[in-house]
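See structure below.
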Amino acid sequence: ISLRARDNNSEPKSLDDGSKSLSESRSSITSESVRPEEEANGLSIMQTLIHLLKCNIGTGLLGLPLAMKNAGLLVGPFSLLAIGILTVHCMVILLNCAHRLSQRLQKTFVNYGEAMMYSLETCPNTWLRTHSVWGRYTVSFLLIITQLGFCSVYFMFMTDNLQQMVEEAYVTSNTCQPRKILVLTPTLDIRFYMLAILPFLILLVFIQNLRVLSFFSTLASTTTLWSMALIFEYIVQEIPDPRNLPLMASWKTFLLFFGTAIFTFEGVGMVLSLRNQMKHPQQFSFVLYSGMSLVIILYICLGTLGYMKFGSNTQASITLNLPNCWLYQSVKLMYSIGIFFTYALQFHVPAEIIIPVVISQASESWVLFADLSVRTALVCLTCVSAILIPRLDLVISLMGSVSSSALALIIPPLLELITFYPEDMSCVTIAKDVMISILGLLGCVFGTYQALYELIQPINYSIANSTAVYA
């Protein structure tokens, strides 16, 4: 699983080889390349479940109450449930296609990009067969944009929370009263906080083994769970009469809900990688269904209860509505710790697509230096993006809506059509895949509309996925 294990088994010769993840390229060389000691070192069911949960529980979760406000008290929960079911179904489609292609090609494992390329190689269209390698390039590009986009959002989220905890320290009390809007003059530029976090993130991404990351992922899950418990503890108290809330919002604001909901499901890029890392990959279906069921239930409960609690005053992040006392300030601290370690998991995918391309051009004595240099440069890139782009969350939401919709809803059904079409697919399956792809395309358009709409608003407009204090 580690970089050293990969180097001993294969040396990438081209961009095609380089686009494989470290674990995937090692396991997809031949069927005989999987050795007993590698299987023994695989992830357990619990470790895989923790990774899956952390990959899907990010900063977008805190913006779901506002998403419910944009959809309506009745339409919002049912729409979020439908999007969640479709996302999980597309994950299953992706797993089935990768499994079938690996059987045809007698390979141990194929990744997302390889699955797209190999399926295009067998399609009836001559032009697509000739240019099948671009299927891999497209998926790899979307994965890089999506995962680095999430990392950039995480970077901004952590620095926002760190700045708030420092700036609000002198006005934070021990009495938990409803939050009042504060107008604070920052004593330190937010870029100072970004540079303070940067070295720790660089050290974190030097960890290349998912089994080692599972320890930090467990810590992240613990802090996130505790912060979620405090949030739920507050929002379930003295909920106002929900009959005053609209059951269905206008179609214009529903477009904003659609883009936010798709952005929230972040784990599609890790599904194949997690299955490949498992000690017993055949048990991944149980992990996927159980883990994503918990994620969807958490999304619906937090979004619905948060909207019922704060109503028309619901802010872009639910932490903005929490009382300004030490107890609920700790929510920001604990959630930030969880996001800190989740950063490494989201970083895992783009790093292992890009790094093999770079180290394949380096001599053996410079492999380690090249590897660590690329990791450092990618983390610095997310930091620079956070510094240079004033409303980073909306720009990342734009990229995430486009690439996430393609990876989660558009490509998997098309991949199933291409992979299984020679095997006489039923008309119902074909119609289902076409409808899901069209829905994903609409989601892509709606998400783009959401980001562009909010980008043109005044600077004091509610910013999604941001916890900055504003008047």
Side-chain angles (χ1 to χ4, degrees), residues 6 12 14-28 51-52 54-56 58 60 87 90-91 93-95 97-98 101 109-120 132-155 205 208 210 213 262-277 342-358 374-375 377-379 381-382 385 395-415 437 440 443-444 447:
R6 178 201 167 280
S14 65
L15 181 61
D16 290 351
D17 297 320
S19 66
K20 301 176 183 178
S21 69
L22 300 183
S23 58
E24 291 162 354
S25 60
R26 172 176 60 85
S27 60
S28 62
H51 280 311
L52 183 65
K54 284 309 302 167
C55 286
N56 285 278
T87 302
C90 288
M91 290 180 181
I93 290 176
L94 180 60
L95 291 169
C97 291
L101 289 169
F109 176 77
V110 293
N111 61 27
Y112 200 161
E114 290 173 329
M116 194 65 190
M117 181 182 68
Y118 293 143
S119 63
L120 290 176
S132 59
V133 69
W134 285 99
R136 167 184 280 178
Y137 295 159
T138 301
V139 170
S140 297
F141 176 77
L142 291 173
L143 284 172
I144 291 172
I145 294 298
T146 300
Q147 302 302 123
L148 288 182
F150 290 144
C151 289
S152 297
V153 172
Y154 292 172
F155 211 114
V205 300
Q208 305 171 28
L210 283 179
L213 283 178
I262 294 177
F263 176 80
T264 305
F265 290 92
E266 305 177 9
V268 64
M270 289 291 292
V271 172
L272 289 177
S273 180
L274 285 176
R275 184 185 184 279
N276 184 46
Q277 300 279 358
T342 307
Y343 182 102
L345 289 175
Q346 298 290 3
F347 184 88
H348 183 80
V349 174
E352 294 195 343
I353 292 175
I354 298 174
I355 288 175
V357 180
V358 177
V374 172
R375 292 177 182 272
L378 290 176
V379 177
L381 177 61
T382 62
S385 300
V395 177
I396 296 303
S397 179
L398 173 63
M399 294 188 299
S401 296
V402 173
S403 54
S404 296
S405 296
L407 290 172
L409 294 178
I410 299 176
I411 295 180
L414 296 179
L415 183 62
S437 292
C444 175

Checklist entry - How far does OG of S132 sit from CD of E114, to the nearest 0.5 angstrom? => result 12.0 Å

Checklist entry - Under 30°, 30 to 60°, or over 60°: which ring-plane class applies to F155 and Y343, parallel, tilted or perpendicular? => result perpendicular

Checklist entry - What is the ring orientation for Y154 with F150, classed by angle as parallel under 30°, tilted 30 to 60°, or perpendicular over 60°? => result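 Geometry flag for F150 against Y154: parallel rings.
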
Checklist entry - With side chains defined as the heavy atoms from C-beta onward, is the minimum distance between I353 and N111 less than 4.5 Å? => result no

Checklist entry - Who passes side chain to side chain donor-acceptor pair (under 3.5 Å) against T264, sequence neighbours left out? => result none

Checklist entry - For F265, which residues count as a ring pair (Phe, Tyr, Trp, His ring centres under 6.0 Å) partner, sequence neighbours excluded? => result Y299

State which residues pass side-chain contact (heavy atoms from CB on, under 4.5 Å) with [X]; sequence neighbours excluded, sorted by chain then number.
| X | answer |
| --- | --- |
| L101 | R104, V110, A115, Y118, S119, T419 |
| P350 | I144, Q147, L148 |
| L94 | Y112, L272, L415 |

Item to check | M116 vs T138, side chain to side chain contact (heavy atoms under 4.5 Å, CB included): CA-CA, chis, key distance, verdict | outcome: CA-CA 9 Å; M116 194 65 190; T138 301; over 6 Å; no

Next on the checklist: Does V379 form a side chain to side chain contact (heavy atoms under 4.5 Å, CB included) with R375? I'd like the steps, not just the answer.
Outcome noted: CA-CA 6 Å; V379 177; R375 292 177 182 272; 5.6 Å; no

Item to check | Chi angles and distances behind the side chain to side chain contact (heavy atoms under 4.5 Å, CB included) call for L378, V205 | outcome: CA-CA 10 Å; L378 290 176; V205 300; over 6 Å; no

